[in-house]
Structures are given as structure tokens and as C-alpha cells.
Amino acid sequence: MNTEILDAQENKKPLNPFAFPLIALSIILVGGFIGASTNVVNGWISEAYFMEIMRWEPPSIWERAVFQGILEGTVYGIIFSIIYTITFAVISRGRGTWRFAIYQILKTIPIIYICWAIGGVLTIILSFIFYEPFNEIIFKLPNTALPRIKYAWVGGSIWGGMIGGVVGVVYSIVITSKNWHRLDS
């Protein structure tokens, strides 16, 4: 009986099909912003990383790093938006709003930045604890302290950000489902 009442209430809410393309586009833009902002920092910290890994030549390494961040962040944003938007449409039965979804996504963004920072710091620490193995694992890792720290930060933070994106997708779906069902009841 109780589920029949909830189903009746759910069916009173209008379908909101136009919200979902807007949600997807917003997530893609957020992905591009996160990629740009993290590579603003990474490009400033270690141009050497991008010179070695991307084979870029000065003087425009920092600008290229930012553009690369926008490109990669947009690609991850597309993937995230497909997963989240479809899942949100199913959770809300097509009745979700842009405002509700974006509020949930905004809760996810700090997770990505935190994982980005943890990845950078952890890689710096590990590159000194496991000095020789890291020299073999990480391509052209410098041997002197400060360049090693900078290079390790960039490599580790990139991986941390990607892991943060995966964690963020799962977290956003969990909190969206939880908050939608709470709102619904």
C-alpha cells in the first residue's frame, strides 16, 4: 500500500526530458574546468614533466599543458556525463531537475581535487622511499631532489585526479540516489 502511494506521488511529478541534455553538458564543462585548473598548477610546477612525457618544446609548455588539461578533462567529463546522466534519469524516472543534479555534482568536485592532491603527494613520498624502483617505473624521473619532487607531483597528481574521477562517479550516483529517494519520500 505504501509503495502505491509513493508511485502515485511520483507519477504526479512531470517528466523533465530537457533537463538531461543540460545536465550532461554541464558535467562536460565541469570536466574541462577541472582539467584546466589542475594543469594550470601542474604546468607551472614542472614543465620538465611535459617536455619528457609529451615531448613538447619551450616556450609554450605551460599553455599547452592547460589546453591538454581542458582536452582530457572534457573527455573524462563526457564519460562521467554519460554515466551520471543516464543513471540520474533512471533514478528519477525522468523527472529529475538540472538544479538537483548539479547540486549533487558540486559535492563531488572536491573529491576529485583531494584525490589529485593526494596522488601528487603520495607519488613524491614514494619516489624517495622507493628511489631505485621509481627510477625504473617513471619515465625519465630526475635524480636531484627539487626536480624529482616536481616531476613526481605532476605524474602522481594526474593519476590521482583520474582515480578521483572514478571515485567521484560512484559517490555522485550514491548521493544522488540517496537524496532523490529522501526528497521523494
Side-chain angles (χ1 to χ4, degrees), residues 18-89 96 98-124 126-127 134 137-142 146-176:
F18 299 109
F20 299 102
L22 189 57
I23 292 166
L25 179 61
S26 298
I27 293 170
I28 293 167
L29 293 173
V30 167
F33 175 79
I34 292 170
S37 62
T38 55
N39 267 12
V40 161
V41 175
N42 287 346
W44 176 75
I45 287 177
S46 179
E47 287 189 345
Y49 176 89
F50 293 98
M51 288 172 63
E52 292 296 337
I53 300 299
M54 302 300 286
R55 306 248 189 254
W56 292 341
E57 296 293 326
S60 62
I61 293 172
W62 182 79
E63 293 87 357
R64 291 173 83 179
V66 173
F67 180 75
Q68 185 71 25
I70 293 169
L71 179 64
E72 290 179 15
T74 300
V75 169
Y76 291 120
I78 290 168
I79 295 166
F80 182 79
S81 74
I82 291 168
I83 295 167
Y84 182 84
T85 305
I86 291 171
T87 305
F88 182 53
W98 176 85
R99 186 178 201 151
F100 179 87
I102 293 307
Y103 184 69
Q104 307 313 308
I105 295 302
L106 290 176
K107 295 175 190 176
T108 304
I109 294 171
I111 292 170
I112 298 168
Y113 283 113
I114 289 167
C115 289
W116 170 75
I118 289 171
V121 170
L122 189 59
T123 305
I124 290 169
L126 292 174
S127 74
F134 258 70
I137 294 170
I138 299 178
F139 181 71
K140 300 228 180 179
L141 184 64
L146 188 57
R148 186 178 187 89
I149 289 169
K150 291 178 175 184
Y151 198 97
W153 164 269
V154 174
S157 68
I158 290 169
W159 279 98
M162 291 188 320
I163 291 167
V166 172
V167 171
V169 168
V170 173
Y171 177 74
S172 67
I173 290 169
V174 168
I175 64 169
T176 297

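- Between the side chain of W98 and the backbone N or O of F20 there is no donor-acceptor pair closer than 3.5 Å.
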Going through the distances and angles, do I109 and L106 end up as a side-chain contact (heavy atoms from CB on, under 4.5 Å)?
CA-CA 5 Å; I109 294 171; L106 290 176; 3.8 Å; yes
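- The shortest distance between side-chain heavy atoms of Y49 and K150 does not fall below 4.5 Å.
- Annotation for A24 and S81: closest pair O-CB, 3.4 Å, computed over non-hydrogen atoms.
- Using a 4.5 Å cut-off on side-chain heavy atoms (C-beta onward), I45 and Y151 make no contact.
- Remark: T85 OG1 to I105 CD1 distance equals 7.5 Å, nearest 0.5 Å.
- Separating the CE atom in M51 from the OG atom in S46 is a distance of 9.5 Å, to the nearest 0.5 Å.
- For P110 against K107, the heavy-atom pair with the smallest separation is CD-O, 3.5 Å.
- In this structure, N39 and Q68 approach most closely via the heavy-atom pair ND2-C, 4.1 Å.
- The side-chain heavy atoms of L141 and S127, taken from C-beta on, include a pair separated by under 4.5 Å.
- Relative orientation of the F88 and F100 rings is parallel, given thresholds of 30° and 60° on the angle between their planes.
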Pairs under 3.5 angstrom only: tabulate donor-acceptor contacts from the side chains of residues 27-38 to other protein residues two or more places apart or in another chain.
{"unit_1": "S37", "atom_1": "OG", "unit_2": "F33", "atom_2": "O", "d": "3.1"}
{"unit_1": "S37", "atom_1": "OG", "unit_2": "I34", "atom_2": "O", "d": "3.1"}
{"unit_1": "S37", "atom_1": "OG", "unit_2": "Y113", "atom_2": "OH", "d": "2.5"}
{"unit_1": "T38", "atom_1": "OG1", "unit_2": "I34", "atom_2": "O", "d": "2.9"}
{"unit_1": "T38", "atom_1": "OG1", "unit_2": "G35", "atom_2": "O", "d": "3.2"}

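- The distance from the CD1 atom of I23 to the OG atom of S26 is 7.5 Å, given to the nearest 0.5 Å.
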What verdict does the side-chain contact (heavy atoms from CB on, under 4.5 Å) test give for F134 and R148, after you've listed the backbone C-alpha separation in whole Å, the side-chain angles of each residue and the deciding distance to 0.1 Å?
CA-CA 11 Å; F134 258 70; R148 186 178 187 89; 3.9 Å; yes
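- Side-chain atoms of W159 and T123 include no donor-acceptor pair closer than 3.5 Å.
- A65 and W56 get closest at one heavy-atom pair: N-CZ3, 3.4 Å.
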Before you tell me yes or no, could you show the steps for N42 and I158 under side-chain contact (heavy atoms from CB on, under 4.5 Å), namely the whole-Å CA-CA distance, both residues' side-chain angles and the distance that decides it to 0.1 Å?
CA-CA 9 Å; N42 287 346; I158 290 169; 3.8 Å; yes
In sequence, state the C-alpha distance, the side-chain angles, and the governing distance for F18 and L22, and then conclude on side-chain contact (heavy atoms from CB on, under 4.5 Å).
CA-CA 7 Å; F18 299 109; L22 189 57; over 6 Å; no
Stepwise side-chain hydrogen bond (donor to acceptor under 3.5 Å, both in side chains) check, T108 with Y84:
CA-CA 12 Å; T108 304; Y84 182 84; over 6 Å; no
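- Across S172 and F80, no two heavy atoms sit closer than the pair OG-CZ, 3.6 Å.
- With rounding to the nearest 0.5 Å, the separation of CD in E57 from CZ in R64 is 8.5 Å.
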